[in-house]
**Student:** 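Have a look at this one before I ask anything.
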Amino acid sequence: LNFPIILVGTKADLIDSRQITDDEILEMSKKIGAPYIECSAKMGKNVDLIFETAAKLALYIEFCYQNGENIDLALKEIAKLALNFSISRD
């Protein structure tokens, strides 16, 4: 079964007690070919974005499947896009 992955960092409101570096996050994101999104339910930050991104990726995979496109190729394209993501904090 092929499916897209989103790497999610939770509790963005506790940034001072973080135990992982930005470089480690980006390395993992690139390694698994997944976009990285940081969120904080407490602050209401990016929670909707995670679900919107998951839905869009799932619809894209379904579109590829319905149109006979190569799902593995589609996932590789998603992975390429993930490499262009960076960590942003508002």
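Nothing fancy with the numbering, it's 1 onward along the sequence.
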**Student:** Is there a side-chain contact (heavy atoms from CB on, under 4.5 Å) between Ile25 and Asp22? Walk through the geometry before answering.
**Tutor:** CA-CA 5 Å; Ile25 294 167; Asp22 287 352; 4.2 Å; yes

**Student:** Find the distance between NZ (Lys45) and OG (Ser40) and round it off to the nearest 0.5 Å.
**Tutor:**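 Going from NZ on Lys45 over to OG on Ser40, the span is 8.0 Å.
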
**Student:** Is any side-chain N of the basic residue among Glu38 and Arg18 closer than 4.0 Å to the acidic one's carboxylate O?
**Tutor:**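 Judged by the 4.0 Å cut-off on N to carboxylate O distance, Glu38 and Arg18 do form a salt bridge.
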
**Student:** Does Gln66 have any side-chain contact (heavy atoms from CB on, under 4.5 Å) partners at least two apart in sequence or in another chain, and if so, which?
**Tutor:**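 If we apply the side-chain contact (heavy atoms from CB on, under 4.5 Å) test to Gln66, skipping adjacent residues, the hits are Glu62.
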
**Student:** Can you tell me how far OH of Tyr36 sits from CG of Leu7, rounded to the nearest 0.5 angstrom?
**Tutor:**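 So the CG of Leu7 and the OH of Tyr36 are separated by 6.5 Å.
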
**Student:** Can you name the nearest heavy-atom pair linking Val8 to Cys39, along with the distance?
**Tutor:**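 Shortest heavy-atom contact: CG1-SG, 4.0 Å.
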
**Student:** Starting at CG of Leu14, measure out to CD of Gln19 and round the result to the nearest 0.5 Å.
**Tutor:**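 If I round to the nearest 0.5 Å, the distance is 11.0 Å.
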
**Student:** OG1 of Thr10 to CG of Asn46: how many Å apart, nearest 0.5 Å?
**Tutor:**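 Output value for this atom pair is 12.5 Å.
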
**Student:** With a 4.5 Å cut-off on side-chain heavy-atom distances among I, L, V, M, F, W and Y, is there a chain of contacts connecting Met28 to Ile5?
**Tutor:**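 They do share one cluster, since a chain of ILVMFWY contacts under 4.5 Å joins Met28 to Ile5.
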
**Student:** Measure the CD1-CD1 distance between Ile50 and Ile37 for me, rounded to the nearest 0.5 Å.
**Tutor:**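 Between Ile50 CD1 and Ile37 CD1, I get 5.5 Å after rounding to 0.5 Å.
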
**Student:** Tell me every residue that passes side-chain contact (heavy atoms from CB on, under 4.5 Å) with Leu59, counting only those two or more places apart in sequence or in another chain.
**Tutor:**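 Checked Leu59 against side-chain contact (heavy atoms from CB on, under 4.5 Å); zero matches.
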
**Student:** Return the CZ to CD1 distance between Phe51 and Ile6, rounded to the nearest 0.5 Å.
**Tutor:**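 One gets 9.5 Å once the value is rounded to the nearest 0.5 Å.
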
